[in-house]
2 protein chains.
Amino acid sequence: MSSERKSYHHGNLREALLETAFSLVDAEGAEGLSMRALARETGVSSAAPFRHFADKQRLLQAVAEKASEDLQQKLDEATRDRDDALTQFRAMTVAYVRFAAEHPNLFRLVQSIPSVSGAFLGEFNDERRLKLIALIYEGQNAGLIPDADPELIALSSEALTHGLARMIVDRHPRVRDLSSEDARKLALAATQLLQSGIGLS
Amino acid sequence: MSSERKSYHHGNLREALLETAFSLVDAEGAEGLSMRALARETGVSSAAPFRHFADKQRLLQAVAEKASEDLQQKLDEATRDRDDALTQFRAMTVAYVRFAAEHPNLFRLVQSIPSVSGAFLGEFNDERRLKLIALIYEGQNAGLIPDADPELIALSSEALTHGLARMIVDRHPRVRDLSSEDARKLALAATQLLQSGIGLS
DNA sequence: TGCTCATGTGAGCGGCGCTAACATCCGATC
DNA sequence: GATCGGATGTTAGCGCCGCTCACATGAGCA
């Protein structure tokens, strides 16, 4: 696994550490990762990583940022070429839940670092959120949507999405070990349900 | 903080360790807890805790079980004297979300130990879930509820509840630092919304 | 060619989880 | 009441950890 190296200097150690750490976290979770094991795996001394990351927390943050970019890219791909906000929202939910099912360890890491998840929820996604809220507002004017706070409606939609993803990574009884395809179906079905309402009243 | 002790033996070390650990986790999270610090705080040697807990994981599991019982008790109180399943479900959601807002560290710990959260979601709550599903089934026969899989409807309800709680403990932008009262309002509003449907279609 | 400084190494500090060998004393038994 | 075995405490210590410091190396620029 650990590749040999002829010269004293590595050449691209920072990237190498990041990639190795990313793979290790994805496969085994962030809890088990140690700086020393990471250095060993990368073929350098145990002090070398600290030339590139001030401490373990920064390393994990960098991994989380990379994972967050991956997730963001999946969301971008999923919503590309869909112009109405509702379709975008549903495609986003599906992509989000699928990412959680496929990379639970990375998903957990992203969520566990507020600065990363905060940035993730801030940048691009806020734009989409505002579009969704605008759509909700229109729907209310047309009498199609109940007269609740549009912010609340958007938040509840987010909560359903996040809740499905979290139930999967937290291994709740009926959604543990879901295949990517089952995760897709579940996310689609649940968002459809939210739109129509479950009707208990 | 650490109380003195006259005799060689502590007398009730296991409970003392559990209580101290519970408080420390509640206040500062499970990540920062160390067995040595816990022993120090309790006023015993660093090896003593291992007479009562095989390893750190077991200690954390015991703390998680205690937290899970507390949560369960809150849910029991919230649903007591409410006979219809729908009212119970909404009261449960409120209590669940409030617990997450008031004890995010304990909530996270419970969710991070599958055996504990699995048991939590299994025992009493399965009974309530079955009642909810029965109600959904009746509602469908009466034409009040869309004709989706009752299991899916129940699962989506759970997801909304869990998602709200998780967004709070994960410190998502619009729900971080929610007061207990705000958490209550949010949970109530969101469940109402789910019932009526957000109407986008 | 020679200097500088980013980037590597090795040794080591204090804290960790956990174990082993030994100390204490509670309480069952006579 | 004395005895003594086992539950429960202690001290010492192993290996791993995050992290630091003094020093080594060598790439790139003057």
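Note that the structure is predicted; figures quoted are calculated from it, not measured. Here is how names work: the chains are called A, B, and so on, in the same order as the sequence lines, proteins then strands, and each is numbered from 1.
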Practice problem: Specify the separation, in whole Å, of atom CZ of Phe50(B) and atom C1' of dT11(D). | Solution: 15 Å
Exercise. For the side chain of Ala47(A), starting at C-beta, report the closest nucleotide among dA20(C), dG17(C), dC21(D).
Key: dC21(D)
Exercise. Determine, for Glu69(A) against Lys66(A), whether the closest basic-nitrogen to carboxylate-oxygen distance falls under 4.0 angstrom.
Key: no
Exercise. Check whether any side-chain N or O of Ser45(B) sits under 4.0 Å from OP1 or OP2 of dG9(D), and answer yes or no.
Key: no
Exercise. Round to the nearest Å and state the distance from Arg40(A) atom CZ to dG15(D) atom C1'.
Key: 11 Å
Exercise. Find the distance between CD (Glu181(B)) and CZ (Arg98(B)) and round it off to the nearest 0.5 Å.
Key: 7.0 Å
Quiz item: Do the two ring centres, one from Phe99(A) and one from His103(A), sit under 6.0 Å apart?
Solution: yes
Quiz prompt | Proximity to the side chain of Leu13(A) - top-ranked nucleotide from dG8(C), dG12(C), dC16(C) | solution = dG8(C)
Exercise. Between dG8(C), dC18(C), dG18(D), spot the one nearest the side chain of Lys56(B), thanks.
Key: dC18(C)
Quiz prompt | Gln57(B) vs Arg51(B), nearer the 5' end of DNA chain C by closest nucleotide | solution = Gln57(B)
Quiz item: Glu41(B) has an atom CD; how far is it from atom P of dG15(C), in whole Å?
Solution: 16 Å
Quiz prompt | Ion pair check, Arg58(A) and Glu65(A), cut-off under 4.0 Å | solution = no
Practice problem: Measure from CZ on Arg14(B) to P on dT8(D) and round the result to the nearest Å. | Solution: 10 Å
Quiz prompt | Atom pair distance, as rounded to whole Å: CZ in Phe53(A) and P in dT7(C) | solution = 12 Å
Quiz prompt | Spacing between Leu60(B) atom CG and dC16(C) atom C1', to the nearest angstrom | solution = 14 Å
Quiz item: Do any side-chain nitrogens or oxygens of His52(A) fall under 4.0 Å of OP1 or OP2 in dG8(C)?
Solution: yes
Quiz item: Can you tell which of dG18(D), dG17(C), dC17(D) lies closest to the side chain of Met35(A)?
Solution: dG18(D)
Exercise. Look at the rings of Tyr96(A) and Phe120(A) and say which category their plane angle falls in: under 30° parallel, 30 to 60° tilted, over 60° perpendicular.
Key: parallel
Quiz prompt | Spacing between Arg36(A) atom CZ and dG15(C) atom P, to the nearest angstrom | solution = 16 Å
